[in-house]
Amino acid sequence: MRVATFNINGIKARRPRLDEWLAATRPDVACLQEIKTDRFPAEEYEADGWQVLWVGQKGFNGVAILSRHPLEEVARALPGDADDTQARWLEARVAGLHVACLYLPNGNPAPGPKFDYKLGWMARLAARARDLLAGEAPTLLAGDWNVCPTDADVARPEAMADDALCLPQTREAFRAILAQGWTDALRARFPHETVYTYWDYQAGAWARNWGLRIDHLLLSPAAADRMQDAGVDRDLRAADKASDHVAAWVELSPA
DNA sequence: ATGGTCGGGAACCGA
């Protein structure tokens, strides 16, 4: 059972790359972020055998879950703020798993209202994550977290020190969630290696390997017990018309 | 220190 997360940075521009990747890697569940549309082509994926959940908005944000197995919607928004209309959260049950697909706010510039929104969103996420750990099902929190957990996850930490992805408050909020009992799948699989999931379009970041690790899969204890492998589909970044993110994934043993 | 590049959608905002 493979569960993957991929910030595609626009379904319209990324359709060819996304479809190639789905065909080549055949994930059981694919969590997508930044679909950037209020018109996701769900019917086309359904015609191709996928079950689809999505929540979108025009131009920005937006998340989707594609699944080869029956997919039951649990939530279309992160609890805790009825006034938050940004499309950043989907939660579903699939194949005995509980899966959340998340697009955590970027938060730049910091300080400022966008950073305040990020920290507030992370506080709501921490509350939801704690509730999910109390549930029965093995659970995954997969998505673009817009958090570099440590300087080992940043190619140029000095250049990123004041960035909302790296600030101490951001890292502390992430650590607090991990400390509830979640496993950072990629870091568990690669304890000492450099692993990036994002390279900026600017300044030749890909060619210089100026990357960040900001796409994460957090596993509940029951899910972590079933982890057989984890990885990053790094070659995605080298393609023409690539997203600035690549896909990350975990392989879980059968229940 | 600055500006560098994309996507969405039609002038800039977001990243």
Side-chain angles (χ1 to χ4, degrees), chain A residues 5-22 30-42 44 54-64 78 83-89 101-122 125 142-149 153-167 169-171 173-174 196-216 232-248:
Chain A
T5 179
F6 187 8
N7 180 324
I8 60 175
N9 190 19
I11 182 62
K12 192 172 165 185
R14 212 65 60 218
R15 189 73 189 274
R17 297 292 86 79
L18 172 62
D19 292 353
E20 290 165 4
W21 170 77
L22 288 170
C31 297
L32 309 179
Q33 301 85 37
E34 285 205 270
I35 62 174
K36 290 188 168 180
T37 183
D38 57 0
R39 304 247 185 267
F40 189 79
E44 297 175 30
W54 66 282
V55 52
Q57 63 187 103
K58 188 171 179 168
F60 309 98
N61 304 327
V63 291
L78 180 63
D83 294 331
D84 183 0
T85 58
Q86 296 194 27
R88 297 181 174 277
W89 182 266
C101 172
L102 66 104
Y103 176 49
L104 202 148
N106 176 293
N108 282 302
K114 292 188 175 180
F115 191 57
D116 295 341
Y117 174 64
K118 177 177 195 149
L119 294 178
W121 207 94
M122 293 186 82
L125 173 54
D144 176 0
W145 287 67
N146 271 313
V147 175
C148 302
D153 305 304
V154 188
R156 303 169 72 227
E158 64 296 330
M160 290 289 290
D162 298 326
D163 193 282
L165 281 60
C166 296
L167 280 170
Q169 287 167 285
T170 303
R171 288 179 167 171
F174 184 79
Y196 299 141
T197 65
Y198 165 91
W199 295 259
D200 201 296
Y201 286 124
Q202 301 186 65
W206 167 247
R208 293 162 141 147
N209 197 26
W210 287 354
L212 306 173
R213 189 172 73 95
I214 55 177
D215 299 274
H216 308 300
V232 167
D233 294 330
R234 197 175 193 275
D235 291 349
L236 283 168
R237 189 62 181 84
D240 289 334
K241 303 292 285 181
S243 173
D244 42 2
H245 296 249
V246 298

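Each chain gets a letter, A, B and so on, in the order the sequences are listed, and its residues count up from 1.
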Quick one: A:Lys118 NZ to B:dG14 P, roughly how many Å, whole number? 15 Å

The single option from A:Asp153, A:Asp215, A:Leu212 that satisfies side chain to side chain contact (heavy atoms under 4.5 Å, CB included) with A:Thr197 is A:Asp215

Take atom CG of A:Asp38 and atom C1' of B:dG7, then tell me their distance rounded to the nearest Å. 15 Å

Aromatic ring pairing A:Phe40/A:Trp54, orientation class (parallel under 30°, perpendicular over 60°, tilted between): tilted

Tell me what A:Tyr198 touches on the nucleic acid: a base, only sugar-phosphate, or nothing, going by heavy atoms under 4.0 Å. nothing

Is the shortest side-chain N/O distance from A:Lys114 to OP1 or OP2 of B:dG14 below 4.0 Å? yes

Send over the distance from A:His245 NE2 to B:dC6 C1', rounded to a whole Å. 12 Å

With a 4.0 Å limit, can you tell me whether A:Lys36 has a side-chain N or O closer than that to the phosphate oxygens OP1/OP2 of B:dG9? no

Distance between C1' atoms of B:dG7 and B:dA11 (Å, rounded): 14 Å

Separation of A:Asn7 atom CG from B:dG8 atom P, in whole Å? 12 Å

Measure CG/A:Asp200 against P/B:dT5 and give the value in whole Å, please. 11 Å

Using the side-chain heavy atoms of A:Asn9, tell me which of these nucleotides is nearest: B:dG7, B:dA15, B:dG9. B:dG7

Spacing of A:Arg237 atom CZ relative to B:dC6 atom P, expressed in whole Å: 8 Å

Write down the distance between CG (A:Asn61) and C1' (B:dG7), rounded to a whole number of angstrom. 13 Å

Which comes earlier along DNA chain B counting from the 5' end, the contact point of A:Arg14 or that of A:Tyr103, where each point is its nearest nucleotide? A:Arg14

Whole-Å distance between B:dG7 P and A:Ile35 CD1? 16 Å

Rounded distance in Å between the C1' positions of B:dG4 and B:dA15: 14 Å

A:Arg88 near the nucleic acid: base, sugar-phosphate alone, or nothing, with a heavy-atom cut-off under 4.0 Å? sugar-phosphate

Separation between the P atoms of B:dT5 and B:dG9, rounded to whole Å: 22 Å

On a whole-Å scale, what distance lies between the P atoms belonging to B:dG14 and B:dA10? 15 Å

Please work out whether the ring planes of A:His216 and A:Phe174 are parallel, tilted or perpendicular, with thresholds of 30° and 60°. tilted

Testing A:Asn61, A:Asn7, A:Asp144, A:Thr5 for side chain to side chain donor-acceptor pair (under 3.5 Å) with A:Gln33, which one passes? A:Thr5

Students often get this wrong, so: under 4.0 angstrom with heavy atoms, is A:Leu165 touching a base, only sugar-phosphate, or nothing? nothing

A:Glu44 with A:Arg15: basic N within carboxylate O range, under 4.0 Å: yes

Would you kindly compare A:Lys58 and A:Gln202 by the position of their nearest DNA chain B nucleotide and give the one closer to the 5′ end? A:Gln202

